[in-house]
Structures are given as C-alpha cells and as structure tokens.
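Notes for the one structure printed next.
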Amino acid sequence: MLPSSSMAPKIILAAFFVIFSLKFYSAKSETWVKGGYWYSGSGFPSSDINSALFTHLFCAFADVNSTSYELFLSASDEKEFSNFTDTVKQKNPSVSTLLSIGGGNAKYSTLSTMPGLDSGSFPVKEMEQYLDWANVMAYDFYSPQWAWISGGLSSNKVVLNLPFYGYAWTLANAQDNGIGAPATGPATTEDGDMSYKDIRDYVLSYGANILYNATYVVNYCTIGTSWIGFDDVEVVKIKVAYAKEKKLLGYNAWQISHDDNWILS
Ligand SMILES: *[C@@H]1O[C@H](CO)[C@@H](O)[C@H](O)[C@H]1NC(C)=O
Ligand SMILES: *[C@@H]1O[C@H](CO)[C@@H](O)[C@H](O)[C@H]1NC(C)=O
Ligand SMILES: *[C@@H]1O[C@H](CO)[C@@H](O)[C@H](O)[C@H]1NC(C)=O
C-alpha cells in the first residue's frame, strides 16, 4: 500500500467549484493572482507558509450552520484562524488573506438551499457583475460540460485552480499502463489521493520514470501495479502559461502543504 495523503476532504463537489471572493480589493488589469489554499486539517503550521510566493492565501474552511446559515468554525480552527493573517503577513506584508467557506466535508444540502446551484446553473451574469473573480476547479472531472468563459464570465475573472496532489490507482494489469488503462481501485488505504510531496518521495524511492502525456497535459508513472497520475513541475508550468495566454486572472493551488519544498509554488 502506498502512503495516503493527509488530505481528508475530497475537495469540493460540483456546487463548490466556485469560491466566491470578497469584493475587498479592486481588481487591476495588471493583477496576477498567485493563490494557495491552506487547509487547517493538513497539520501544516501556517507559520511555515512561504507567503512571499503568493499574492493571496485562502484559509480553509469555515462551515455553514444548517439551520441558522451562520458561519462557524470548530474551536481549534477558531484559534488557528484568528491569527492566520498576522502570521502569513510576517513573511509578506502585502499578501491578502481570504476565508474559504465549504469544502468537501461541507453539507451540500445546506449550501444548495441558499442559491440552489448545480453545475451548469451558476448565476454567471451576477458573478460577472458582483465578483472580482471565481476560482475554477479544472481537475477531479472526466469531461467538462461547459466552460465558464463561454458561459459569460470574463476571462479576467477566472482563476485557474491547480491540484498539488494526484491519484494512485491499482492497475488490473501492470503491462497495460497507459492513460485510461483498466484499474481495480485505489492503490492507497483511502481514496487513492496522494500529496505531491508523498508522490515525489515514493517515485524517487523506486527510481521510477515519470512520463508526460501532452494530450491530457498530465504526468504519470507506474510502479508495479500502482499507477499514479499527477501534475509535476512541467504540467504546472504549462497550465500557468495557458492561464496567461487566455488572459485569466491567475492561479490557485489546492493545497500548499502538499507541495515539496515549494517546488510547485
Ligand atoms: C446552529 O444554529 C442553531 C440556531 O442558532 C444553534 O442552536 C446550533 O447550536 C448551531 N449549531 C452549530 C453546530 O453551531
Ligand atoms: C497563532 O496562534 C497559535 C494558536 O493559538 C499559536 O500557537 C501561535 O503562536 C500564534 N502565532 C502568532 C504569530 O501569534
Ligand atoms: C496520451 O495517452 C493517450 C491514451 O493512452 C494516447 O492515445 C495518446 O496518444 C497519448 N498522447 C501522447 C501525446 O502521447
């Protein structure tokens, strides 16, 4: 069995694709968002964040009370979140911090009773009018049903999310190991998700070859019957270049504790 990532929540169901950013700063055309999520459940101390690498840091997650719809934090998060901004500003006084609401463990039904969202029915017109940007999850899916920009959101309000993790699958047949090869299930004790750091440690310890597929813009490697798909440095570079070419507002990493010595950041 491979080491499993400490990433407890499977981030963000369809309805949480968008993390609404507060209208706290006026977007300037020259702004390039370099965002990252810090997740309290990662065990990664906020004081260890190299905040000089980011323009925006998301503190994750606040939850929504299912009867009063008020935001709340667990007691331990409350303590950690209260000085998050002070802590990360020590290394980068100009970094902006945002509170992230929801996450994979959030109760979908609570959130869906407020705007009644499902994928494809986001209020794009209102988002375009009132929001500075939307973080768009461009991973954890098989085929996109529609695209945000063709749906009416300006490209300079789209921030591309980057996964700092991958998935380890158990192949049905070790010899059949291309993209889309049959698998029998996850290759870790949990859901198969592994942090970039754990993937790198694992791959290096076996001296395995990391391959790149330009059709799917993804890295992958095979070790025995374990098959791991993930974004390595070259994929992150290509995605960031793509975001610039499409004149998006920037990128966001989920989640920064999964990085290996800030290589991807
Ligand atoms: C949710 O709100 C209700 C009503 O204000 C309150 O009684 C309850 O304790 C809250 N639950 C949590 C988990 O905060
Ligand atoms: C922030 O709060 C945590 C938890 O209470 C504490 O361990 C840490 O020292 C505080 N950091 C700063 C910079 O005040
Ligand atoms: C990527 O993988 C798919 C599936 O195996 C394959 O059909 C395609 O040719 C590969 N692309 C490149 C550029 O190698």
Side-chain angles (χ1 to χ4, degrees), residues 8-13 15-16 19-20 39-41 59-84 98-117 138-145 147 160 162-163 165-187 192-194 196 199-200 203 206 208-243 245-246:
K10 293 255 83 24
I11 12 177
I12 312 183
L13 304 162
F16 305 101
I19 309 253
F20 298 103
Y39 170 52
S40 64
C59 186
F61 290 104
D63 213 337
V64 179
N65 183 309
S66 59
T67 52
S68 68
Y69 299 107
E70 286 171 319
L71 292 183
F72 71 94
L73 297 170
S74 68
S76 58
D77 279 354
E78 207 167 310
K79 233 172 135 190
E80 286 203 73
F81 285 24
S82 66
N83 66 8
F84 179 78
L98 294 97
L99 180 64
S100 186
I101 301 162
N105 290 342
K107 235 173 128 188
Y108 173 83
S109 54
T110 305
L111 290 151
S112 66
T113 49
M114 295 191 291
L117 296 177
Y139 49 85
D140 275 9
F141 61 84
Y142 293 105
S143 63
Q145 298 302 308
L160 186 69
L162 305 171
Y165 70 96
Y167 286 102
W169 304 74
T170 300
L171 292 167
N173 172 358
Q175 312 318 320
D176 184 6
N177 53 24
I179 287 176
T184 58
D193 53 85
M194 283 176 81
Y196 175 69
I199 293 170
R200 235 177 92 88
V203 169
Y206 281 88
N209 271 341
I210 296 174
L211 302 174
Y212 171 68
N213 181 295
T215 309
Y216 293 95
V217 191
V218 70
N219 289 110
Y220 64 101
C221 77
T222 308
I223 299 166
T225 54
S226 295
W227 188 98
I228 309 171
F230 65 105
D231 287 5
D232 209 340
V233 174
E234 64 190 317
V235 169
V236 169
K237 280 186 180 163
I238 290 166
K239 288 187 175 180
V240 171
Y242 175 83
E245 179 197 316
K246 296 288 175 194

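In each ligand, atom 1 is the first atom listed, and ligand 1 is the first ligand listed. Positions are given from 1, in the same order as the sequence printed here.
- Taking every heavy atom of Ile179 and a limit of under 4.0 angstrom, the matching atoms of ligand 3 come to 4 (C), 5 (O).
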Side chain to side chain contact (heavy atoms under 4.5 Å, CB included) evaluation trace for Trp169 with Ser226: CA-CA 6 Å; Trp169 304 74; Ser226 295; over 6 Å; no
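- Side-chain contact between Ile210 and Phe230 is present, with at least one heavy-atom pair separated by less than 4.5 Å.
- Inclusion of Tyr216 in the set of residues having an N or O under 3.5 Å from an N or O of ligand 3 is not warranted.
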Identify the protein atoms, limited to N or O, that lie within less than 3.5 Å of an N or O atom of ligand 1, and list each pair with its distance to 0.1 Å.
| residue | atom | partner | partner atom | Å |
| --- | --- | --- | --- | --- |
| ligand 1 | 2 (O) | Asn65 | OD1 | 3.2 |
| ligand 1 | 2 (O) | Asn65 | ND2 | 2.4 |
| ligand 1 | 11 (N) | Asn65 | ND2 | 2.9 |
| ligand 1 | 14 (O) | Asn65 | ND2 | 3.4 |

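- The distance from atom CG of Asn177 to atom CD1 of Ile223, rounded to the nearest 0.5 Å, is 11.5 Å.
- Of all the heavy atoms in Cys221 and Asn209, the pair that sits closest is CB-O, 3.2 Å.
- Listed by first then second residue, pairs satisfying salt bridge (Lys or Arg N to Asp or Glu O under 4.0 Å) with a partner in residues 210-236 read Asp231-Lys239, not counting sequence neighbours.
- Minimum interatomic distance between Ile101 and Phe61 (heavy atoms only, all atoms of both residues): C-CD2, 4.3 Å.
- Nearest heavy-atom pair across Thr222 and Ala174 is CG2-O, 4.4 Å.
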